[in-house]
Amino acid sequence: MATNELTEFKLPKNAYASFDASSLKDLIRERLNDNSTFTGQNFEGSNLSSLIDIISYSYHVLLFYLNQTSSESMFSESQLYENMNRIVKSLGYNPTGTQASIASFEATASSILPSATYTIPRYTYIEAGGIFYSFIADVSLSKLTNDREFLKDFSEKNLLYQGKYHEYPIISAIGEDFEQITLIPGDDILVDHFSIDVYVRDAISGVWTQWTRTSSLFLESSTSSSYEVRFNENKRYEIKFGDNRSGKRLNAGDEVAIYYLKTDGPTGQIGPGALNSGIPVLFNTVRFRDIFDVIKSPNISYTETSDLHQIGFANSVPSSQYYTGETVDNIR
């Protein structure tokens, strides 16, 4: 058994954490210079110097991974969004993504519009100088007289959300348990966190139905047509369906149609008067018309384009601020 004393390095126990490739290379060179056995370490390009480079930079990479796997795996220490997102996923927490600006409005109906109850279809939008504001759901209004009328109740109970709805390409379901679709509209596309709608066309019946967003599929019954949305570590939205125990499972061949509100971010914020004289426009695509004709209530009178032109919009206050989403510190 060796009885010689270990070499005295004169370094604290945690000194390894302070080294990088350059400092480690200097330390090795210093140790070799303590005796005259080797001299090649002082000449760049020598075999010994090249060997020291390999050792130093390999150590640097290993230390980087050590730091990543030690600090970034801890909830209290993690600094990278993707790592924090993965950590809280195991806790069942769903971080909040971007949220569009919101605008209140004042609506007035002209005398040409007869007194009646009207419903403006979802996704109808108003353009304000190249900036769009949309209704995220069907909204109803009542005109009580045949005169020009301020729609007070309608104005006070509803809001407009900055952005315009877009169609995602149809997805054909595989039919597996907890099937998941990742929404990838584009690298520069900002999607409002709470404005993602899903419609499913059953492969057997051929009928479209609207599915309901839930905070957790594990709270749903086996027959519940629900989906769960999660903002993942790559800042993409994952849409997950059930397994016929926790929420209904998709059938193989089901067609999934996704509609999302694309927002302009901070450039979509508006000041007072931006919506004045804005004319509402129906969201109108071939696929959405087919879906809406099936899911809409037969007892509701929906507005046509001619009716919408008789409703004026204005805003006396600015929109809310755009929200960029939760940061690592917000999540923590």
Task: Phe292: ring pair (Phe, Tyr, Trp, His ring centres under 6.0 Å) partners, not counting sequence neighbours - done: Phe288, Tyr302
Open item on the list: Testing the basics here: between Ser140 and Phe154, what is the closest heavy-atom pair and its distance to 0.1 Å?
Closed with: O-CD1, 3.4 Å
Open item on the list: Just checking Tyr161 against Phe135, ring centres under 6.0 Å apart?
Closed with: no
Open item on the list: Would the distance check show the side chain of Lys296 and the main-chain N or O of Ile300 forming a donor-acceptor pair, the cut-off being under 3.5 Å?
Closed with: no
- [ ] Quick one: closest heavy-atom pair of Ser104 and Leu159, and the distance?
- [x] CA-CD2, 3.9 Å
Task: Asp26 bridged to Arg31 by N-O distance under 4.0 Å - done: no
Task: ring pair (Phe, Tyr, Trp, His ring centres under 6.0 Å) against Tyr168, all qualifying residues, sequence neighbours excluded - done: none
Open item on the list: Checking side-chain hydrogen bond (donor to acceptor under 3.5 Å, both in side chains) between Gln162 and each of Asp192, Thr267, Asp264, which is the one that passes?
Closed with: Asp264
- [ ] Find the distance between OG (Ser111) and CG (Asn146) and round it off to the nearest 0.5 Å.
- [x] 9.0 Å
Open item on the list: Tell me whether Trp208 shares a hydrophobic cluster with Trp211, the cluster being built from Ile, Leu, Val, Met, Phe, Trp, Tyr side chains joined at under 4.5 Å.
Closed with: no
Open item on the list: Taking the side chain as everything from C-beta on, heavy atoms only, tell me whether Ile102 gets closer than 4.5 Å to Tyr323.
Closed with: no
- [ ] Please tell me if the side chains of Ser316 and Glu106 come closer than 4.5 Å, counting only heavy atoms from C-beta onward.
- [x] yes
Task: Check against side-chain hydrogen bond (donor to acceptor under 3.5 Å, both in side chains), Asp202 and Asn251 - done: CA-CA 7 Å; Asp202 189 274; Asn251 301 311; 3.2 Å; yes
Task: Side-chain touch Thr209/Ile295, heavy atoms, less than 4.5 angstrom - done: no
TODO: Would you check if the side chain of Asp293 reaches a backbone N or O of Asp290 as a donor-acceptor pair within less than 3.5 Å?
DONE: no
TODO: Any chance you could measure Leu141, atom CG, to Thr119, atom OG1, to the nearest 0.5 Å?
DONE: 7.5 Å
Task: Ala274 backbone acceptor or donor facing Asn315 side chain under 3.5 Å - done: yes
Task: Backbone N/O of Gly268 and side chain of Tyr133: donor-acceptor pair under 3.5 Å - done: yes
- [ ] Taking the side chain as every heavy atom from C-beta outward, state whether Ser142 and Tyr118 have any pair of such atoms under 4.5 Å apart.
- [x] no
Task: Test item: Ser56 side-chain N/O and Ile52 main-chain N/O as donor-acceptor pair under 3.5 Å - done: yes
Open item on the list: I'd like to know if Lys157 pairs up with Asp153 as an ion pair, taking the criterion as any Lys NZ or Arg NE/NH1/NH2 lying under 4.0 Å from an Asp or Glu carboxylate oxygen.
Closed with: yes
Task: Close aromatic pair by centroid cut-off 6.0 Å: Tyr259 and Tyr165 - done: no
Task: Closest approach of Tyr81 to Glu233 (non-hydrogen atoms, all atoms of both residues) - done: CD2-O, 3.9 Å
- [ ] Could you tell me whether the side chain of Tyr322 reaches within less than 4.5 Å of the side chain of Thr263, counting heavy atoms only?
- [x] yes
Task: Thr124 vs Pro280 side-chain heavy atoms within contact, under 4.5 Å - done: yes
Open item on the list: Is it true that, when you exclude Arg148 itself, more than 12 heavy atoms of the residues, nucleotides or ligands shown sit nearer than 6.0 Å to its CZ?
Closed with: no
- [ ] Consider only side-chain N and O atoms of Gln180 and Arg230, and report whether a donor and an acceptor are under 3.5 Å apart.
- [x] no
Task: Ion pair check, Arg249 and Asp243, cut-off under 4.0 Å - done: no
Open item on the list: If hydrophobic clusters are built from ILVMFWY residues whose side chains come within less than 4.5 Å, do Tyr260 and Val256 share one?
Closed with: yes
TODO: Spell out, as yes or no, whether a donor-acceptor pair under 3.5 Å connects the side chain of Ser49 to the backbone of Ser46.
DONE: no
Open item on the list: For Ser319, is there any backbone N or O sitting under 3.5 Å from a side-chain donor or acceptor partner on Gln269?
Closed with: no
Open item on the list: Please tell me whether Phe178 and Ile239 are part of a single hydrophobic cluster in this structure, the criterion being side-chain heavy atoms less than 4.5 Å apart.
Closed with: no
TODO: Walk me through it: do Glu238 and Thr182 pass the test side-chain hydrogen bond (donor to acceptor under 3.5 Å, both in side chains)?
DONE: CA-CA 4 Å; Glu238 298 172 348; Thr182 302; 4.9 Å; no
Open item on the list: I need the minimum non-hydrogen distance between Leu217 and Ser226, along with the two atoms involved.
Closed with: CD2-O, 3.8 Å
Open item on the list: As a quick check of understanding, evaluate side-chain hydrogen bond (donor to acceptor under 3.5 Å, both in side chains) for Ser50 and Asp53, giving each step before the final call.
Closed with: CA-CA 5 Å; Ser50 298; Asp53 283 344; 5.3 Å; no
- [ ] State yes or no: do Phe132 and Ile120 share one hydrophobic cluster built from I, L, V, M, F, W and Y residues joined by side-chain heavy-atom distances below 4.5 Å, directly or via other members?
- [x] no
Task: Residues Arg86, Glu82; criterion salt bridge (charged side-chain N to carboxylate O under 4.0 Å, His left out); working and verdict - done: CA-CA 6 Å; Arg86 291 190 188 100; Glu82 55 266 33; over 6 Å; no
- [ ] May I ask you to check whether Tyr237 and His193 place their ring centres under 6.0 Å from each other?
- [x] yes
- [ ] Flag the pair Leu160 / Leu275 as yes when at least one side-chain heavy-atom distance between them is below 4.5 Å, and no otherwise.
- [x] yes
Task: CA sep, side-chain torsions, deciding dist, call: Glu255, Ile171, side-chain contact (heavy atoms from CB on, under 4.5 Å) - done: CA-CA 6 Å; Glu255 294 183 358; Ile171 303 295; over 6 Å; no
- [ ] Could you please spell out the steps behind the salt bridge (charged side-chain N to carboxylate O under 4.0 Å, His left out) verdict for Glu179 and Lys248?
- [x] CA-CA 10 Å; Glu179 187 161 347; Lys248 187 177 177 181; over 6 Å; no
TODO: Drop me the distance from Arg236's CZ to Asp187's CG, to the nearest 0.5 angstrom.
DONE: 5.0 Å
- [ ] Supply the atom-to-atom distance Tyr123 OH to Ser195 OG, rounded to the nearest 0.5 angstrom.
- [x] 9.0 Å
- [ ] Starting at CD of Glu326, measure out to OG1 of Thr96 and round the result to the nearest 0.5 Å.
- [x] 4.0 Å
Task: Nearest-0.5 Å distance, CG of residue Asn158 to CG of residue Asp138 - done: 11.0 Å
Task: Salt bridge present between Glu220 and Arg213 (N-O < 4.0 angstrom) - done: no
- [ ] Give the minimum heavy-atom separation between Ile170 and Ala257, together with the two atoms involved.
- [x] CD1-CB, 3.8 Å
TODO: Indicate the atoms forming the closest heavy-atom contact of Ile28 with Ile55, along with that distance.
DONE: CD1-CG2, 4.2 Å
Open item on the list: Using modelled atom types and a 3.5 Å cut-off, is there a donor and acceptor pairing between side-chain atoms of Asn94 and backbone atoms of Val229?
Closed with: yes
Task: Cluster link Tyr199 to Tyr227, ILVMFWY, side chain under 4.5 Å - done: no
Open item on the list: Tell me whether Lys164 contacts the main-chain N or O of Leu261 through its side chain, where contact means a donor paired with an acceptor under 3.5 Å.
Closed with: no
Task: Ser134 (side chain) donor-acceptor with Ile136 (main chain) under 3.5 angstrom - done: no
Task: Side chain proximity check, Leu282 to Leu308, heavy atoms < 4.5 angstrom - done: yes
